[in-house]
Amino acid sequence: MKKAFDIVNKDERLKSYYLEVSRRSLRVPILWNDPSFINLLTMLSPSKRISLKSIFDGVGLNIIDHIALVRKYGYDLNSYFYRNTILEENRLMLLYNELQNEIILNSKKEFVLMCEYMKQMHVEGRFAVVDIGWSGGMQRFLQKSLGIIGIENEILGYYTGVADYYKRNMNDGKLSLHGYLFDFYNNVNSVDKRSPFVGLYETLFLEQKGSVKNYIRDKNEWLVAERYDYEYQMNGELQEEYYIVEKIQSAALDFINDIEAIEFVKYIPFTPDVLFANLKAVGLSPSRKDLKMLAKFRFFDEGETFSLVSSKSFIYYVFNPRCLKNDLLSSKWKIGFLKCLLKIPFPYFKLYKILKNRN
């Protein structure tokens, strides 16, 4: 997104910088300020189903290092909960209470380094943050951290979309949010145009490096981002997903460069929906070629790994109907899931909306 902005930006007063952050690197450092489980829920993915792995990832701890504690309360690495009843899980609350001291100590340690990184990068005053979306969580974490250490700031958030669950990030102060394709913050009648294929959408914007974990000092005492291993690299070799994403992103930047070179095109009032049309078509009405290329992409979220489409055979689900619900909820491209499952011409988007309303 920064590369795209730098191509079209003609205003020399607007300087762009790449801040190395992630949800994890900004969320964990402020947990000490309010380590309650209720607050943590506002920081995790808004999925209806929450895994125990994602809870540990959310507080910056490795579940493998705490496997004895996990088993003490009768859970395992595959345990999960439903958001609407999770607060009634007494064993989970007891487990979380046992972790709180460690959560707070780790959070305070990361807070010091994260704030020093922000000072080093001169993150202060009035500035804009730009990301794909969806509810202003990272903006909230950053605004909260800067406020705690007394750095004056006015942050304007610009996103490809602002989802209807943005309100969960308003408890620590009002945020300035602006969405391009949809914007529930400024228009309650907006339509979330990426929800049936959110995983596919996010995959196309992936940075070609591992996600930022936290901040460490290099040999020169300079604060730098420590990253997780790159998801699309195994045993030192880049995987097919990397090359596909790279090709798509390079083509998008080529398109922007081509458009910038054609003077009259600048005066055509393209609407967001027009510019979104081709991506929307792939997300809602994928061809066999689209599914073959993209369905098996791995998607990494909150410490877990999924396939964008993880459907099994139709016959399998006939005999294992409960697995159908679980696999559909886990899928990050639900339209792709349904089409891979049924393999026939069908109004899949209508089916998706029916299933979503029933849940």
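Ion pairing of Glu260 with Lys10 is present here, as a side-chain N (NZ or NE/NH1/NH2) and a carboxylate O approach within less than 4.0 Å. Using a 4.0 Å cut-off between charged nitrogen and carboxylate oxygen, Glu241 and Arg298 count as a salt-bridge pair. A salt bridge links Glu98 with Lys72: the distance from a Lys NZ or Arg NE/NH1/NH2 to an Asp or Glu carboxylate oxygen falls below 4.0 Å. A salt bridge is defined here as a Lys NZ or Arg NE, NH1 or NH2 lying under 4.0 Å from an Asp or Glu carboxylate O, and Arg227 with Glu207 meets this definition. Between Asp273 and Lys280 there is no salt bridge, since none of the side-chain N atoms of the basic residue sits less than 4.0 Å from a carboxylate O of the acidic one.
Annotation: cation-pi pair Lys325/Tyr82 present, NZ/CZ under 6.0 Å from the ring centroid and within 45° of its normal. In this structure, Arg49 forms a cation-pi arrangement with Tyr80, its terminal cationic atom sitting closer than 6.0 Å to the ring centre and no more than 45° off the ring axis.
For the residue pair Gln120 and Tyr215, no side-chain donor N or O sits within less than 3.5 Å of a side-chain acceptor on the partner. The closest side-chain donor-acceptor pair between Ser287 and Asp290 falls under 3.5 angstrom. A donor-acceptor contact closer than 3.5 angstrom links the side chains of Tyr230 and Gln208. One side chain, Tyr201 or Thr160, offers a donor N or O that lies under 3.5 Å from an acceptor on the other.
The closest donor-acceptor contact from the side chain of Ser54 to the backbone of Ile50 lies at 3.5 Å or more, if one exists at all.
For the residue pair Leu95 and Val70, the shortest heavy atom distance occurs at CD1-CA, 4.0 Å.
Ring pair Tyr232/Phe300: centre-to-centre distance below 6.0 Å.
Each of Tyr75, Phe37, Tyr96 was compared with Phe81 under the ring pair (Phe, Tyr, Trp, His ring centres under 6.0 Å) criterion, and only Tyr75 meets it.
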